[in-house]
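First up is the structure itself, then whatever we jot down about it.
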2 protein chains.
Amino acid sequence: MGTSKEIMGNATNDDAILKLGNELCFSLYACAKEVIRIYRKPLEKIGLTYTQYIVMMTLWQFCDMSAKEIGKKIYLDSGTLTPVIKKLEKSGFVKRQRVVEDERFVKVILTEKGLKLKEKASTIPQTLERNIYLSYDETMTLHSLLNKALKGIKEGTKI
Amino acid sequence: MGTSKEIMGNATNDDAILKLGNELCFSLYACAKEVIRIYRKPLEKIGLTYTQYIVMMTLWQFCDMSAKEIGKKIYLDSGTLTPVIKKLEKSGFVKRQRVVEDERFVKVILTEKGLKLKEKASTIPQTLERNIYLSYDETMTLHSLLNKALKGIKEGTKI
DNA sequence: CTTAAATAAATTGCACACAATCTAATAACA
DNA sequence: TGTTATTAGATTGTGTGCAATTTATTTAAG
C-alpha cells in the first residue's frame, strides 16, 4: 500500500495557487469536524448534541426568539431546525408556542430546566481550551479571521 | 418578537473567558458550513458532492490509497467513507478492489474518467477566493492556525 | 373585498457523520 | 498449531444539513 507517492509529480505554479483555496476549505472542514467531535462526550453528559447545544447557547443569550431568528443566527434552515427544537422540547429544555399576533411564527422559550442547564454547561467551553493548543492571541486571531470570512460570505455570495 | 435582549444582563468575567471558547467553536462550525454551501453548486456541475470532492482531491494527490488511508487523511471512518466511495464507483470515477496480499484492505483507484475530472475541477478552488474576502496574508494565517489547531487536537485529545 | 404574493414552519428526500456492532482476514502468542 | 487478539471494511441506527415542496397565515394589489 504505497503512501505519499504523488501522481502529478511536477505541480505547476497554477496548481500551487489553486491548492491554497482547497487546502483552506479542507482545513476548515476537518477542524470543525474535530472540534465537534471533542465536544461530543462532554455534551452527552448533560444530554445535548452539538446542534442542540448551539441552539441552547443562543437561547441562553437571547429571549423571545422565533425559530426563524434562531435559524438566521446559527445558519440553519427550518428543515434542520424544526426537528432539533422538537427534540429539545421533548427533553424538557424548551417550550414551543405559536405567536398570537402572527400564527406563522413559533416562539421558542427556555423552561426552568433549560435555564438551569446553563450552569451544568458552564464547563463545556473549557473542552476546546484543553485540546486546541493555541495561545490566547492565536485563538483571538483565528476567531476574528473566521468571523471576517463568515461576514464576507454572508454579504455577497457570488458562486 | 424581541431581539437581542440579553437575559443574563451582567456577564461576569468568568462568563467572558468561557465565551471565547464557545464563540470560536461556533465560528468554526458556521464558517465550515457556509464554505461547504458555496462549494455546492460549482461541484454539482461536475457531478460531485463536497465529501466526494474531498475524497477525489486526496486521490488526485496520492495513488494506491486504501480506504483506511483515505479515511485517516480526511478524518472519516468507514461508516461514512464506504458509501461515499461506493457512490464514486457508481459514478465511474474510481474502482475498488481488494488487495491480494491482504484481503482486509480495499484499494481505491482512479479511473480514466476520475483522472480527467481533475481538469474539470480546476476552477473549483476559485470559489472560495471569490467569496471569502480575505487578503493573501490573512488566508495564509487562517490556514496555518487551523492546521495548528487540527494538529493539537490530533496529538492528544483529552476530553 | 377578493385574489395573488409573500412568509414561517413543517415535511420529504437525499447525503453525510459517527458510534456501535458485525464479519472476515491476518497477526500474535501460549 | 490452535486459540486469541487485532485490524479493515461493512452495516445499522441516530442525528444532522439542506434543497425543494407543502401548508397555514398574513400582507399586498387590484
Send over the distance from [X] [atom1] to [N] [atom2], rounded to a whole Å.
{"X": "Y53(B)", "N": "dC16(C)", "atom1": "OH", "atom2": "C1'", "value": "18 Å"}
{"X": "Y39(B)", "N": "dC16(C)", "atom1": "OH", "atom2": "P", "value": "17 Å"}
{"X": "E103(A)", "N": "dT27(D)", "atom1": "CD", "atom2": "C1'", "value": "16 Å"}
{"X": "I36(B)", "N": "dC16(C)", "atom1": "CD1", "atom2": "C1'", "value": "10 Å"}
{"X": "I74(B)", "N": "dC16(C)", "atom1": "CD1", "atom2": "C1'", "value": "12 Å"}
{"X": "L43(B)", "N": "dC16(C)", "atom1": "CG", "atom2": "P", "value": "11 Å"}

Upstream residue (5' side of DNA chain C) when D102(A) and R40(A) are each assigned their closest nucleotide: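 Looking at DNA chain C, the more 5' nearest nucleotide goes with D102(A).
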Close aromatic pair by centroid cut-off 6.0 Å: Y29(A) and Y75(B):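 Y29(A) vs Y75(B): aromatic centres not under 6.0 Å.
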Spatial distance of atom CD1 (I132(A)) from atom SG (C31(A)) [nearest 0.5 Å]: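 If I round to the nearest 0.5 Å, the distance is 5.5 Å.
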Spacing of S27(B) atom OG and E34(B) atom CD [to the nearest 0.5 Å]: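 Interatomic distance, S27(B) OG to E34(B) CD, rounded to 0.5 Å: 12.0 Å.
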Can you check nucleotides 8-16 of chain D for protein contacts, nitrogen or oxygen pairs under 3.5 Å, and list what you find?
| from | atom 1 | to | atom 2 | distance (Å) |
| --- | --- | --- | --- | --- |
| dA8(D) | OP2 | K68(B) | NZ | 3.2 |
| dA8(D) | O3' | R104(B) | O | 3.4 |
| dG9(D) | OP1 | A67(B) | N | 3.2 |
| dG9(D) | OP1 | K68(B) | N | 3.3 |
| dG9(D) | OP1 | V106(B) | N | 3.1 |
| dG9(D) | OP1 | V106(B) | O | 3.4 |
| dG9(D) | OP2 | K68(B) | N | 2.6 |
| dG9(D) | O3' | R98(B) | NH2 | 3.3 |
| dA10(D) | OP1 | R96(B) | NH1 | 2.7 |
| dA10(D) | OP2 | T82(B) | OG1 | 2.7 |
| dA10(D) | N7 | S78(B) | OG | 2.9 |
| dA10(D) | N6 | S78(B) | OG | 3.3 |
| dT11(D) | OP2 | K86(B) | NZ | 3.0 |
| dT16(D) | OP1 | T49(A) | OG1 | 2.8 |
| dT16(D) | OP1 | T51(A) | OG1 | 3.3 |
| dT16(D) | OP2 | Q52(A) | NE2 | 3.4 |
| dT16(D) | O3' | T51(A) | OG1 | 3.1 |

Residue K33(A), side-chain heavy atoms: nucleotide from dC18(C), dT26(C), dA19(D) that is nearest: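 Ranking dC18(C), dT26(C), dA19(D) by closest atom to the K33(A) side chain puts dC18(C) first.
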Closest non-hydrogen atom pair between I74(A) and K33(B), with its separation: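 Where I74(A) meets K33(B) most closely, the heavy atoms are O-NZ, 3.6 Å.
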Salt-bridge criterion met for K148(A) and E138(B) (N-O under 4.0 Å):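 E138(B) and K148(A): salt-bridged.
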Exam field: side chain E89(B) to backbone K86(B), donor-acceptor pair closer than 3.5 Å: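 Here the side-chain-to-backbone pair does not exist.
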Phosphate contact (dA17(C) OP1 or OP2) by R37(A) side-chain N/O below 4.0 Å: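 Checking dA17(C) against R37(A), no side-chain N or O comes under 4.0 Å of OP1 or OP2.
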